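Some notes on the structure that comes next.
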Amino acid sequence: MKTLGLISCTKAKQTHTCKAFEMYSASDLFRKAYKYCTKQYDLVAILSAKYGLLLPNDVIDPYNITLNDMSSEEVMNWSEKVFKQMNSKLELNNFNKIYFHAGKNYRKYLIPKLEGIGIECKAPLEELGIGKQKSWYLK
């Protein structure tokens with residue numbers, strides 16, 4: 001069985017069309033999380049408020065949308081979209097653990113769906129603020 005690391009998108013982005021992992025590399029926190037996740041997990045994907053589930057090499061355009069500005073219903077709909085994308089892009093039955101390196105809005109409706117199909121979910125940094133998260137990734 002495999003592990004998956006999910007990293008949320010960030011406010012800081014590149015200003016041009018590029019691969020997803022490059023788009024968010026404008027953020028120091030994302031760079032640290034991405035470097036850590038690529039070493040720790042079998043696969044890494046990105047949770048985008050606009051696009052849903054992205055693989056690191058997916059080419060995307062810049063945008064300015066965040067789940068934090070969405071209603072609960074919109075976040076639930078986004079989570080349903082992402083869950084469907086995960087099933088179609090990732091073959092979820094190959095994963096036994098998913099690690100969320102993402103804020104609460106990015107995981108709160110996804111975790112019950114994933115646990116409902118037998119995947120263990122963890123959010124290793126859920127109690128840490130941004131500064132402590134950056135330090136944690138340097139360990």
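The first residue of the sequence shown is numbered 1, and numbering continues consecutively from there. Just the heavy atoms: all of them, side chains too, but no hydrogens, waters or symmetry mates, feed the values below. Because the structure is predicted, anything quoted here is derived from the model rather than measured.
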Open item on the list: Between Tyr99 and Leu6, is there shared hydrophobic-cluster membership here, with clusters defined by ILVMFWY side-chain heavy atoms closer than 4.5 Å?
Closed with: no

Task: Gln85 side-chain N/O to Tyr51 backbone N/O, donor-acceptor pair under 3.5 Å - done: yes

TODO: State whether a side-chain donor-acceptor pair under 3.5 Å links His101 with Tyr36.
DONE: no

Task: Same apolar cluster (I L V M F W Y, side chains within < 4.5 Å links), Leu125/Leu67 - done: no

TODO: Taking the side chain as every heavy atom from C-beta outward, state whether Pro56 and Tyr34 have any pair of such atoms under 4.5 Å apart.
DONE: yes

- [ ] Answer yes or no: is there a side-chain heavy-atom contact under 4.5 Å between Ile98 and Thr3?
- [x] no

Task: N-O pairing of Asp42 and Lys97 below 4.0 Å - done: no

TODO: Look up atom SG in Cys9 and atom CD1 in Ile46, then write down how far apart they are to the nearest 0.5 Å.
DONE: 9.0 Å

Open item on the list: Within the 4.5 Å heavy-atom criterion, are Tyr137 and Leu29 side-chain neighbours or not?
Closed with: yes

TODO: Locate the shortest heavy-atom distance separating Leu55 from Ala20; write the atom from each residue and the value.
DONE: O-CB, 3.7 Å

- [ ] Provide the closest heavy-atom pair for Ser79 versus Tyr109 in the form atom of the first, atom of the second, distance.
- [x] OG-CB, 3.3 Å

Task: Connected via hydrophobic side-chain network under 4.5 Å: Val59 and Leu54 - done: no

Open item on the list: Using a strict threshold of under 4.0 Å (side-chain N to carboxylate O), is an ion pair present between Glu80 and Lys113?
Closed with: yes

Task: Euclidean distance, Cys18 SG relative to Met23 CE, rounded to 0.5 Å - done: 4.0 Å

TODO: Compare every heavy atom of Ala26 with every heavy atom of Gln14, then report the nearest pair and how far apart it is.
DONE: NE2-N, 3.7 Å

Open item on the list: With a 4.5 Å cut-off on side-chain heavy atoms, are Asn105 and Asn68 touching?
Closed with: yes

Open item on the list: For Phe21 and Val44: C-alpha separation, side-chain torsions, deciding distance, then whether side-chain contact (heavy atoms from CB on, under 4.5 Å) applies.
Closed with: CA-CA 10 Å; Phe21 82 94; Val44 175; over 6 Å; no

Open item on the list: Check for me, please, whether Val75 and Ile111 land in the same ILVMFWY cluster - side-chain distances under 4.5 Å, paths through other members count.
Closed with: yes

Task: Check: Tyr106 ring centroid to Trp78 ring centroid under 6.0 Å - done: yes

Task: Beyond-backbone contact of Phe100 with Ile7, side-chain heavy atoms, under 4.5 angstrom - done: no

- [ ] Would you confirm whether Ser135, through its side chain, and Lys132, through its main-chain N or O, come within 3.5 Å as a donor-acceptor pair?
- [x] no

Task: Inter-residue atom distance Gln40.CD - Lys35.NZ, 0.5 Å rounding - done: 12.0 Å

Open item on the list: So Arg107 and Cys121, do their side chains get closer than 4.5 Å, heavy atoms only?
Closed with: no

TODO: Test side-chain contact (heavy atoms from CB on, under 4.5 Å) on Phe95 and Leu114 and set out the steps.
DONE: CA-CA 10 Å; Phe95 294 93; Leu114 295 165; over 6 Å; no

Open item on the list: Looking at every non-hydrogen atom in both residues, tell me the closest pair between Lys89 and Leu53 and how far apart they are.
Closed with: NZ-O, 2.9 Å

Open item on the list: Just checking Asn64: does its CG atom have more than 12 heavy atoms from other residues, nucleotides or ligands closer to it than 6.0 angstrom?
Closed with: no

Task: Expected output: side-chain Glu74 to main-chain Ser71 donor-acceptor under 3.5 Å - done: yes

Task: Single-linkage hydrophobic cluster, 4.5 Å side-chain cutoff, Trp136 and Tyr41 together - done: yes

Open item on the list: With side-chain contact (heavy atoms from CB on, under 4.5 Å) as the criterion, how do Leu110 and Val82 come out once you've worked through the C-alpha distance, each side chain's angles and the decisive distance to 0.1 Å?
Closed with: CA-CA 8 Å; Leu110 269 177; Val82 170; 3.7 Å; yes

Task: 4.5 Å side-chain heavy-atom contact, Lys81 and Lys84 - done: no

Task: Least distance between heavy atoms, Ser8 atom then Gly103 atom - done: OG-N, 4.2 Å

Open item on the list: Walk me through whether Lys32 and Asp28 qualify under side-chain contact (heavy atoms from CB on, under 4.5 Å).
Closed with: CA-CA 6 Å; Lys32 286 177 170 62; Asp28 184 48; 2.8 Å; yes

Open item on the list: I'd like to know if the side chain of Thr66 reaches the main chain of Asp69, judged simply by a donor and an acceptor atom lying under 3.5 Å from each other, with no hydrogens or angles considered.
Closed with: no

Open item on the list: Is the ring pair Tyr24/Tyr63 parallel, tilted or perpendicular, if the boundaries are 30 and 60 degrees?
Closed with: perpendicular

Task: Side-chain touch Leu90/Leu4, heavy atoms, less than 4.5 angstrom - done: yes

- [ ] To the nearest 0.5 angstrom, please state how far the CG atom of Asn57 sits from the NZ atom of Lys19.
- [x] 4.5 Å

Open item on the list: Can you tell me how far apart CE (Met76) and NZ (Lys108) are? Round to the nearest 0.5 Å.
Closed with: 8.5 Å

Open item on the list: Nearest 0.5 Å, please: how far is CD1 in Ile119 from CG in Asn93?
Closed with: 8.5 Å

